[in-house]
Amino acid sequence: MTSSEITETPDTVGAYPRLTPAQISWLAASGERMRVSRGQVLTRAGEDPHWFFAVVNGCILVTDDTQPERTEVHGAGRFTGDIGLLEGQPSFVNVIALTDGEVIRLPAATLGRLVGRHSTLGETILRAYLIRRSLAIGVGSGLRIIGSRFDPDSRKLVEFVTRNRIPHRFLDLDEDDVAERTVERLGLTPDEVPIVIVAGRRVLHAPTIRELARVLGLRSTTSEPEYDVAIIGAGPAGLAASIYASSDGLKTVLCDAWATGGQAGRTSRIENYLGFPSGIGGAELADLATVQAQKFGTTILVPALANSISWDDPGFIEIGFEDGSPVRSRSVILAPGVRYDRLAALAPYETSSVFYAATPVEAHICGNEEVAVVGGGNSAGQAALFLARTSTNVHLVIRHEDLSESMSRYLIAQVEENPRITIHRNSEIVDATGDRALRTIEIANRVSGEAQTVPVRFVFVFIGARPATAWLPPDLLLDSQGYILTGADLPVSDDRRALRPPLPLETSRPDVFAIGDVRSGSAKRMSAAIGEGASVVPMLFSAIAQQAAR
């Protein structure tokens with residue numbers, strides 16, 4: 001095949017834009033020009049770290065070992081990579097020179113600096129990277145996780161990679177012949193699953209979340225001796241605080257037990273957020289915010305479950321973690337959010353048939369089977385609409401008569417008009433049956449007492465949440481429901497008044513702040529959480545200055 005016969009992959013959605021001559025010049029000034037020969041391997045799947053390549057002339061081929069039929073051809077002005085390149089993840093694809101030519105090569109760290117320095121270049125690359133990652137997730141590229149959908153360890157791995165927006169495909173041993181053949185080919189038995197196959201080569205046998213995170217380039221510890229601010233919880237509030245703190249020059253570390261994005265990152269679509277009239281996916285918003293935080297220098301630790309906080313060392317606060325080295329910081333922002341309430345009737349099926357988020361992964365596991373959604377708030381409404389795209393029937397179970405008591409009007413109209421959603425008003429789930437997995441639920445009307453048995457295999461629960469504050473020490477004061485007291489709501493002691501009155505978002509401990517859903521009196525809205533994340537940073541500067549003076 002000659003160069004003139006090569007056909008480029010078309011750019012139909014913005015995933016494969018072409019760089020301008022000025023952008024090529026910016027890249028060339030910071031990178032290395034390389035002559036490449038036909039057939040030369042530039043990146044091999046599974047390599048970490050991998051490189052960014054921009055094509056000056058000639059063509060390159062991108063292949064996926066997990067889907068050999070899926071290939072891309074890119075010519076002059078095109079570039080390689082997706083959002084994982086900027087986040088330190090290994091490559092899930094191979095990059096090969098299809099013809100003799102010339103490319104510009106940059107390490108990921110250099111690309112990250114350029115993206116932050118040149119706004120038009122950053123917009124071109126970031127937008128393409130987000131679209132590419134979304135496409136890769138949609139077609140099931142990347143990791144292969146083999147296990148049972150009713151196995152808690154398998155589900156935990158799937159949830160972790162889903163929450164961290166890692167491309168993958170789950171192969172269910174209960175229903176997928178490919179999964180069974182793959183296990184046999186590897187010389188394993190079904191008892192030795194789950195297994196994870198990375199880039200079609202590396203096989204992990206029943207890995208822990210920490211082990212998988214390490215392979216995926218996610219950090220859970222840091223070697224830095226100290227920080228200006230440590231932020232616990234990487235939901236919208238924590239991400240906003242990290243962006244504003246690090247962009248203002250504070251040395252910032254952001255820690256989360258599971259993934260960046262919080263509850264917003266688990267939402268299929270957010271339609272009432274300022275500036276996005278057609279809505280934005282929660283995962284996309286989380287990706288944008290994460291890259292933005294890293295661009296300004298924030299250190300992100302995931303998974304990192306905080307389990308203690310102490311102030312024995314004057315001038316520093318120490319955060320301890322369940323499985324990792326402690327972090328020392330001059331100040332702390334608590335933004336751990338909330339943990340979902342559970343239904344007692346579903347307790348035996350908690351690890352096999354109950355979900356607390358509705359994303360494409362959960363929808364894929366459920367297939368077209370009937371499902372139930374419990375709850376009458378916006379999260380439940382969004383989940384019901386999302387699941388109705390694939391499920392034959394969605395049973396929406398609410399405790400009151402009218403959805404308007406807790407659901408936004410724009411959602412109510414869509415839910416009530418959807419023919420695949422059956423609303424059970426004044427109702428609750430009182431019983432469930434099954435073997436190792438759920439088979440039926442019993443829905444009882446709280447007014448009439450009538451009950452009906454519904455055949456569902458999966459239930460999505462959105463009935464409220466409790467603050468994630470059980471790990472905090474007793475001298476961090478909480479309200480009667482366990483939310484953190486701040487500012488004017490605190491009963492301030494004479495000793496504290498002698499030091500200084502607490503700042504508006506400051507807790508009962510000096511230099512420890514609380515923002516977002518975990519704070520007593522917060523609005524429990526994403527936009528309000530982001531606002532608190534921005535507002536807390538000037539208070540940090542004030543507290544640090546007074547700390548230095550002391």
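Computed from a predicted structure; not experimentally measured.
Between the side chains of Ser522 and Asp517, no donor N or O sits under 3.5 Å from an acceptor N or O. Side-chain polar atoms of Ser246 and Thr252 form no donor-acceptor pair below 3.5 angstrom. Between the side chains of Ser141 and Thr66, no donor-acceptor pair of N or O atoms lies under 3.5 Å. Side-chain contact check for Ser329 and Glu318: no donor-acceptor pair (N or O, by modelled atom type) lies under 3.5 Å.
At least one donor-acceptor pair under 3.5 Å links the side chain of Thr124 to the backbone N or O of Thr120. Using a distance-only test at 3.5 Å, with no hydrogens or angles considered, no donor-acceptor pair links the side chain of Arg169 to the main chain of Gly142. Side chain of Asn164 to main chain of Ala259: no donor-acceptor pair is present (N/O by atom type, distance under 3.5 Å, no hydrogens or angles). Of the possible polar contacts, none joining the Asn307 side chain to the Trp471 backbone as a donor-acceptor pair under 3.5 Å is found. A donor-acceptor pair under 3.5 Å links the side-chain atoms of Thr162 to the main chain of Val158, judged by distance alone. Of the possible polar contacts, none joining the Gln67 side chain to the Asp64 backbone as a donor-acceptor pair under 3.5 Å is found. A distance-only check finds no donor-acceptor pair linking the side chain of Arg117 to the backbone of Gly122 [under 3.5 Å]. Thr222 places a side-chain N or O within 3.5 Å of a backbone atom of Glu224 that can act as its donor or acceptor partner. At least one donor-acceptor pair under 3.5 Å links the side chain of Asp256 to the backbone N or O of Trp258. At least one donor-acceptor pair under 3.5 Å links the side chain of Ser242 to the backbone N or O of Leu239.
Heavy-atom contacts from other residues, nucleotides or ligands closer than 6.0 Å to CZ of Arg44 number 12 or fewer.
The shortest heavy-atom contact between Pro236 and Gly261 is CD-O, 3.6 Å. Of all non-hydrogen atoms in Leu476 and Leu472, the two that sit nearest each other are CD1-CD2, 4.1 Å.
Remark: Glu362 does not engage Arg155 in a salt bridge, criterion side-chain N to carboxylate O under 4.0 Å. With respect to the salt-bridge test (charged N to carboxylate O, under 4.0 angstrom), the residues Asp287 and Arg165 qualify.
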Item to complete: Could you walk me through whether Lys251 and Asp228 pass the salt bridge (Lys or Arg N to Asp or Glu O under 4.0 Å) test, one step at a time?
Response: CA-CA 5 Å; Lys251 191 175 181 182; Asp228 293 318; over 6 Å; no
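Geometric assessment of Arg328 against the ring of Phe316 yields a positive cation-pi assignment under the 6.0 Å and 45° thresholds. With Phe79 as the aromatic partner, Arg132 meets the cation-pi criteria of under 6.0 angstrom to the ring centre and within 45 degrees of the ring axis.
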